[in-house]
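Please read the structure below before turning to the comments.
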There are 2 protein chains.
Amino acid sequence: MAGRAPTIRDVASRAGVSVATASNVVNGNRPVGEASRRSVVAAIAALGYRLDRSASALRGKSTRLVGMVVPDITNVFFASLVHGVEALAERDGYDLLIVSSSEDAAKERRRVEALVARRIDGLIVVPASDDSMAAVGGGAHAARLPPAVLIDRGAGAPGFDTVHADCDAGGYAAARHLIGLGHRDIAILTHSKRLENIEQRIAGARRALVEAGLEGRERVIYGGHDLESLRGAIELELHRADCPTAIFALTNVCALASIKAARGLNLEIPSDVSIVGFDDFDWMLALRPYLTTVAQPVEDFASAAWRLLMLRLSAGEKGVERVELPCTLRVRESTGPARPRLKAVAEA
Amino acid sequence: MAGRAPTIRDVASRAGVSVATASNVVNGNRPVGEASRRSVVAAIAALGYRLDRSASALRGKSTRLVGMVVPDITNVFFASLVHGVEALAERDGYDLLIVSSSEDAAKERRRVEALVARRIDGLIVVPASDDSMAAVGGGAHAARLPPAVLIDRGAGAPGFDTVHADCDAGGYAAARHLIGLGHRDIAILTHSKRLENIEQRIAGARRALVEAGLEGRERVIYGGHDLESLRGAIELELHRADCPTAIFALTNVCALASIKAARGLNLEIPSDVSIVGFDDFDWMLALRPYLTTVAQPVEDFASAAWRLLMLRLSAGEKGVERVELPCTLRVRESTGPARPRLKAVAEA
DNA sequence: TTGAAAGCGCTAACAC
DNA sequence: GTGTTAGCGCTTTCAA
């Protein structure tokens, strides 16, 4: 029965008004008289008309399309970010184009260009590296980026609004907690160097160490992005004679890797080794002992990023805004008093 | 320096060819002479031209946009599905619009209509219920759905290609394993009734019970969608005097809830209660004891769904295809011999 | 193999 | 408040 889908012209002619009026009813850009409005609404219902966003995207200045780039959607931290942003986008009538960078700046660039080719209104990115997005904006024939908000990483990148946690404070709190329990040899496990947020977690921990007169007692271990290589890296460290009495894992995947490594080596947590993780998600609450962790306010990340993006879309140019959100140390069961060091035991 | 972004006309005029030729170079729809091709390519490079997909979407028949609907992206099962599909989409030059239904059929419908308004070429959906997508396709002025593939649920829905696991076999294997260990009272924990894949997991378990002469010994517990309500539901069951000696958790979230409940009640796994989970993800490997589980081939779900969609986009009408993939029982440490029933102990 | 021209469905000037 | 109209940038007949 239905031939083509009805267009705005069909609606207009059935309602006995002009296409402009019909259009204005559909997306209240300009006021419309009550009588016209009612007949347009009736025509829309009768015909089953639906706005074709492809067409309005081409003609109008807004596509109501926002791009989102994450390193890896299977990481619950990024998935939660997507979840939060998607809900906000729906509320405000936007659709989300989601792409994955696989932690690769080159791929990220390609994916962003694909998004730009869709004429997205804005962009929310957890960049693969701190400066990767700045690189996309530069160059001879660089993609002209729409307003973009960076989450979690790239906090200092010029030209972008950013949302990130107070990682220094988070690292400081975690290390202080461990030091307070008597730990003197702390391994810090992370996936990657040269990421500002990671550097700051380390810096915070270092600050606590220095304050306690333990300068240089931390060892930073870089384990790469996947669980197994992280586990391998920390396992190696735990095998040493002077192995650490505590691990500070700088991401949720690092925490998982640390736990697996400890388990694999038959080390009791926390009596043999204490663990402080990062982030706080459901699966952590199935572990026993419950994981002591530095929680990031991931829902607030999403809402702050969305707010910043909407602000910039409506307000246009203004100074770059940087939102810093607090971390919370959640002390649970995976941290306890440091065991006597092996050396000390031997000497005794 | 750059005014507007260069269009295909700019490219054509700089290359000294018609826009048609330029277009044909960009998206090899028709053969182009070598000389023209080279000058067009040169012009594209010189100008930094980029195809505007908004425009080609409007004019052409394909948008190279695919919609994906999942109940909840923070569930690692769905996130993995998205991850797999996104990689394939990128490979084939498609972009993914991802929306969340929150397990709500009405919201799902709204979100799908938003996707259809974008003229998506195709749709991949984990539907909120088995018939929710059929409902979207029906009705007086129903959204004209593009080719759609259903994953995980809605296996019998008419008019859709589907990809799902052999849940009956999965349920059967899990139950047989428990029965073999001497379990006679098995609680089955699930989030929702009236989902065919869930019903089949139950049916498979029932079949194993019947075979063992234990008809009607299972108890099915419906705990809702969130972790805490699931935990509450199974905890209630574990509190009973005639509490089950084993739990078969029908999703990964149900497994998490079961573990939390057992831990909360100070029940040892598996000596007090055995647990079989569903799905197999990283966090499960941080648990001790390691979880016995029915793994679904989630990567294969994604690739089968994508293959089906691409097939239908190129081939058009043909019979509906249904792909059923095998589950694998992974026996680990969370299942063990049934403890003597309390009643039996009392009688002794 | 190529070019000219007609729109895709809509929005935004601009007129009234 | 409303109508008329000119395109957005592209793909695709149709004709050469």
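Below, read A as the first sequence line, B as the second, and so on, with proteins coming before strands; counting in each chain starts at 1.
- A search for salt bridge (charged side-chain N to carboxylate O under 4.0 Å, His left out) contacts involving A/E108 returns nothing, not counting sequence neighbours.
- Residue order along DNA chain D, read from the 5' end via each residue's closest nucleotide, puts A/P31 first among A/P31 and B/S62.
- Counted by atom type alone, A/D131 and A/S129 present one or more donor-acceptor pairs between their side chains at under 3.5 Å.
- B/W306 has its ring centre no less than 6.0 Å from the ring centre of B/F301.
- Side-chain contact between B/D121 and B/P146 is absent, with no heavy atoms from C-beta onward closer than 4.5 Å.
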With B for base contact, S for sugar-phosphate-only contact and - for none (protein heavy atoms under 4.0 Å), nucleotides 4-11 of chain D reads BBBBBBBB
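- Contact check for B/R111 versus A/D95: side-chain heavy atoms found under the 4.5 Å cut-off.
- B/S54 comes within 4.0 angstrom of nothing in the nucleic acid, heavy atoms only.
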